[in-house]
Amino acid sequence: MTVGVVAIQGDFEKHVNSLLRLSKAGLETKEIRCAEDLENVDRVIIPGGESTTVGLLMRRFGLGPALIERAKSGMHIWGTCMGMILMAREIEERPDQYSLGILDVAVRRNAFGTQVHSFEDSVAVSGLSEPIEGVFIRAPIVSRMGEGVQVIAQYEGKIVGVRQGNLIGTSFHPELTLDTRMHEWFLEL
Ligand code: GLN
């Protein structure tokens, strides 16, 4: 299995490291920057970073439309923080910001405050038997969601993890911890 990690900007290397740490036989990783890079890729992770910049470049490099097509044909895509913002159908108060629109949710950027309000805390995720350490960095929340979307994680009553079939979004960053259970779970979907 080849897992592509969108590598335009952000913490993509951390995702690659988490995947390599799984040391799964036959697992390969690939950095994705343009549509052609998606060839022979089975799953994609969109990392944390700056969603405005990466959205613009995704569109410019033709990666946006290619990801939309692959999402529709059932490829598993997981977005962490910025990644979830870029997957969302709607970004609150930013109608002009580019997003793929594949995940039927509205997100609120920086919902916990600015950089100084970044934090870590334990979060229960459905599918994992024990909670994981959630790293929240200028994290978004899901403020509305469509019928086909399931909540997989909440923090203080706010939705911080969702699943819509083959698509997963989390507000937090499992790639910034040494815990690889969420990556493992994603590969097993
Ligand atoms: N606040 C950033 C944004 O809106 C996301 C931050 C992150 O990915 N850690 O793009």
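One-based numbering, in listed order, for ligands and for the atoms of each.
- One finds a salt bridge joining Arg138 and Glu50 here, because a Lys/Arg side-chain nitrogen approaches an Asp/Glu carboxylate oxygen to under 4.0 Å.
- Atoms of ligand 1 found under 4.0 Å from any heavy atom of Gly48 (numbered from 1 in listed order, with element): 8 (O).
- Looking only at atom types and distance, the side chain of Thr29 has no donor-acceptor partner in the side chain of His15 under 3.5 Å away.
- Protein heavy atom closest to atom 5 (C) of ligand 1, with residue, atom name and distance, is Gly49 O, 3.3 Å.
- Using the six-membered ring where Trp is involved, Trp78 and Phe186 have ring planes that are tilted, between 30° and 60° apart.
- If you check which protein heavy atom lies closest to atom 4 (O) of ligand 1, you get Arg109 NE, 2.5 Å.
- Aromatic rings of Tyr155 and Phe172 (six-membered ring for Trp) have centroids beyond the 6.0 Å cut-off, not under it.
- We find that Glu93 and Arg109 are not joined by a salt bridge, their nearest charged nitrogen and carboxylate oxygen being 4.0 Å or further apart.
- Between Asn110 and ligand 1, at least one N/O pair is under 3.5 Å apart.
- Close N/O approach between Arg138 and ligand 1 is found [any backbone or side-chain N/O within under 3.5 Å].
- Taking the charged nitrogens against the carboxylate oxygens, Arg94 and Glu92 have no contact shorter than 4.0 Å, which rules out a salt bridge.
- Comment: Arg181 does not engage Glu130 in a salt bridge, judged by the lack of any side-chain N to carboxylate O separation of less than 4.0 angstrom.
- Inclusion of Ile137 in the set of residues having an N or O under 3.5 Å from an N or O of ligand 1 is warranted.
- The N/O atoms of Cys81, backbone and side chain alike, include none that comes under 3.5 Å of an N/O atom in ligand 1.
- Not one N or O of Ile85 is nearer than 3.5 Å to an N or O of ligand 1, by distance alone.
- Heavy-atom proximity to Ser51, at under 4.0 Å, picks out these atoms of ligand 1: 3 (C), 4 (O), 10 (O).
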